[in-house]
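This report concerns only the one structure given below.
Every chain is numbered from 1 and lettered A, B, ... according to where its sequence line falls, protein lines coming before strand lines.
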Amino acid sequence: MFALADVNSFYASCESVFRPDLQGRPVVVLSNNDGCVIARNAEAKLLNIPMGAPYFKIRAQFERDKVAVFSSNYALYADMSTRVMTILEAMAPAVEIYSIDEAFLNLQGVSNCQDLEAFGHEVRAKVRQWTGLTVGVGIGPTKTLAKLANYAAKKWSQTGGVVDLSLMARQRKLMTLVDVAEVWGVGRRIAKKLNNLGINKALQLADAPTALIRKHFSVVLERTARELRGEPCLEMEEFAPTKQQIICSRSFGDRVSQYELMREAICSHAVRAAEKLRAEHQYCRYVSAFVKTSPFAENESYYGNTAGTKIQIPTQDSRDIVAAATTCLDAIWQDGHRFQKCGVMLGDFYSQGVAQLGLFDDYPPRPGSERLMAVLDTINHSGKGQVWFAGQGTQKSWEMKRQMLSPAYTTRFSDLLRVKL
DNA sequence: TCTGGGGTCCTAGGACCC
DNA sequence: TCTGGGGTCCTAGGACCC
């Protein structure tokens with residue numbers, strides 16, 4: 001048996017927890033660069049503020065409706081996430097952290113000691129008491145059914161935020177009510193295709209013949225259908241598998257037309273990517289860079305391009321990765337565009353930095369590379385100062401906008417919440 | 001003026017091997 | 001007139017997730 005616990009309106013709730021004065025007011029959180037709405041609390045949802053709405057288009061309405069608006073504060077959300085996950089891990093035999101705000105719980109054996117619905121309520125109470133955040137809990141014999149139960153727990157308030165789908169009759173009853181588009185693994189495209197086949201409700205997908213599903217879709221949807229029938233196809237993945245790729249990219253605060261600024265940005269993303277790579281204890285052999293103009297800009301022709309390069313020896317050295325990324329940039333740079341975004345991607349990972357050299361290769365590994373990088377990371381994590389590459393620049397005029405950023409309440413001493421008595 | 005960032009998995013098709 | 005069978009690896013593109 002699985003449970004899915006996820007935090008209601010996670011980002012918006014994190015902001016609200018530290019701002020009791022906002023109680024009852026609509027709260028939204030914007031994407032990076034203050035681009036569009038990515039989280040809304042219940043009050044904001046009541047105002048029909050759509051997910052993904054561009055901020056600049058909806059700003060006037062926000063002012064009229066006294067909506068509290070925040071830039072994304074990932075330092076805060078990541079820390080609050082850790083707190084929630086720690087609580088969940090203490091309550092369940094096994095936990096799979098699925099995203100920043102949700103986790104699957106393996107409930108094997110729990111029903112021997114406790115009613116599962118009561119367990120769900122206990123999880124809610126504890127998370128609320130210890131973090132101020134509210135979770136919804138869905139329970140079912142497969143992950144997909146647990147997800148569906150969670151959806152129901154959030155959609156219908158009379159459930160009290162917990163839905164247990166242990167019983168087949170309850171599963172089927174819920175599935176007659178829920179659109180197939182709400183099922184986990186069914187996105188916009190597949191939903192439309194299913195509708196064309198006359199499959200509109202979740203139950204119809206559950207009952208559809210396997211052959212029909214396989215004829216029109218891939219094995220992925222077949223698994224989804226089986227899971228809806230109560231046949232587990234997906235297991236708990238308690239230990240995060242090693243990453244296959246690392247991407248670091250950002251939109252620019254203002255459009256970039258100057259090569260030097262683009263180079264700084266690419267260089268900075270490459271450095272960040274290399275740090276992530278070392279945190280994964282991996283070495284990479286493929287580096288690529290991309291640039292693009294805004295797809296929304298009218299009267300401007302779109303230009304986007306990407307270039308990749310193979311590195312002879314797997315590396316985790318920032319110097320190699322910066323060099324490779326800037327080489328890629330030079331291959332795709334074009335003057336005369338107003339660029340909106342760029343990024344760096346790493347791939348082809350190895351767990352150690354040794355590879356068989358060709359007979360005539362002369363690319364000896366950099367001596368002392370590991371130790372140098374370790375020193376770099378230690379300094380940059382110490383909180384006492386930063387060292388960086390000259391190529392990253394000092395002004396960073398291209399950096400993203402975060403004009404409504406809240407304090408790092410939980411991760412920076414100077415930002416600690418003050419309570420006046 | 002202004003529209004996020006970071007991932008995974010699957011499939012089809014081409015290149016290439018014997 | 002007739003031109004095999006079986007396989008791997010890689011990449012691009014499409015779908016999905018949060």
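- Rounded to a whole Å, the CZ atom of F252(A) is 16 Å from the C1' atom of dT3(B).
- Distance CD (E300(A)) to C1' (dT3(B)): 14 Å, rounded to an integer number of Å.
- When both distances must be under 3.5 Å, the Watson-Crick or G-U wobble mate of dC10(B) is dG13(C).
- Considering only side-chain N and O atoms, S249(A) lies under 4.0 angstrom from the phosphate OP1 or OP2 of dG6(B).
- Side-chain proximity of F296(A) to dG7(B), dG5(B), dT3(B): nearest is dT3(B).
- As rounded to whole Å, 8 Å separates atom P of dG7(B) from atom CZ of F349(A).
- Contact between the side-chain N/O atoms of R214(A) and the OP1/OP2 oxygens of dT11(B) is found at a separation under 4.0 Å.
- dA12(C) atom P lies 15 Å from atom CZ of F290(A), rounded to whole Å.
- Taking only side-chain atoms of R255(A), from C-beta outward, the nucleotide of dG4(B), dC18(C), dC2(B) with the closest atom is dC2(B).
- Within 4.0 Å (heavy atoms only), R250(A) reaches sugar-phosphate atoms of the nucleic acid but no base atom.
- Side-chain atoms of D320(A) and T315(A) include a donor-acceptor pair closer than 3.5 Å.
- In this structure, the nucleotide among dT8(B), dT11(C), dC2(B) sitting nearest to the side chain of R338(A) is dC2(B).
- Distance, E102(A) CD to dC16(C) P: 17 Å, rounded to whole Å.
- Residues T242(A) and N32(A) both approach DNA chain B. Their nearest nucleotides, taken by heavy-atom distance, put N32(A) toward the 5′ side.
- Residue-to-nucleotide proximity on DNA chain B shows that, of D34(A) and S218(A), the 5′-proximal contact is made by D34(A).
- Salt bridge K147(A)/E182(A): absent, no basic N to carboxylate O contact under 4.0 Å.
- Taking atom NZ of K193(A) as the reference point, atom P of dG14(C) lies 13 Å away to the nearest angstrom.
- As rounded to whole Å, 12 Å separates atom C1' of dT1(B) from atom CD of Q403(A).
- Residue I100(A) is out of contact with every strand shown, counting any heavy-atom pair closer than 4.0 Å.
- Residue contacts shown for I246(A) are limited to sugar-phosphate atoms, with no base heavy atom under 4.0 Å away.
- In this structure, K292(A) does not reach the dG4(B) phosphate: none of its side-chain N or O atoms is under 4.0 Å from OP1 or OP2.
- Listed candidates were dC16(C), dT3(B), dT11(B). Nearest to the side chain of K57(A) is dT3(B).
- Side-chain atoms of D34(A) and S71(A) form a donor-acceptor pair, as typed in the model, at a separation below 3.5 Å.
- In this structure, CD on E231(A) lies 11.5 Å from CG on L145(A), to the nearest 0.5 angstrom.
- Distance from the side chain of W184(A) is smallest for dC18(C) among the nucleotides dC18(C), dC10(B), dT8(B).
- In this structure, of dC17(C), dG4(B), dC10(B), it is dC10(B) that holds the atom nearest to the side chain of V220(A).
- For Q340(A), the listed nucleotide lying nearest its side chain is dG4(B); candidates were dG6(B), dC18(C), dG4(B).
- Side chain to side chain, S406(A) and N73(A) meet the donor-acceptor criterion of an N or O pair below 3.5 Å.
- Side-chain proximity of K341(A) to dG5(B), dG7(B), dC18(C): nearest is dG5(B).
- In summary, the side chains of R250(A) and S268(A) do not present any donor paired with an acceptor at a separation below 3.5 Å, with no hydrogens or angles considered.
- Considering only side-chain N and O atoms, R223(A) lies nowhere under 4.0 angstrom from the phosphate OP1 or OP2 of dC9(B).
- In the set dT3(B), dC17(C), dT11(B), the nucleotide with an atom closest to the side chain of Y98(A) is dC17(C).
- Proximity of R188(A) to the phosphate of dC17(C): no side-chain N or O atom is located under 4.0 Å from OP1 or OP2.
- Across the protein-nucleic acid pair, K401(A) atom NZ and dG5(B) atom P stand 13 Å apart, rounded to whole Å.
- S249(A) contributes no side-chain N or O that, together with a main-chain N or O of G343(A), makes up a donor-acceptor pair within less than 3.5 Å.
- For F56(A), counting side-chain heavy atoms from C-beta on, the closest listed nucleotide (dG4(B), dT11(B), dC2(B)) is dC2(B).
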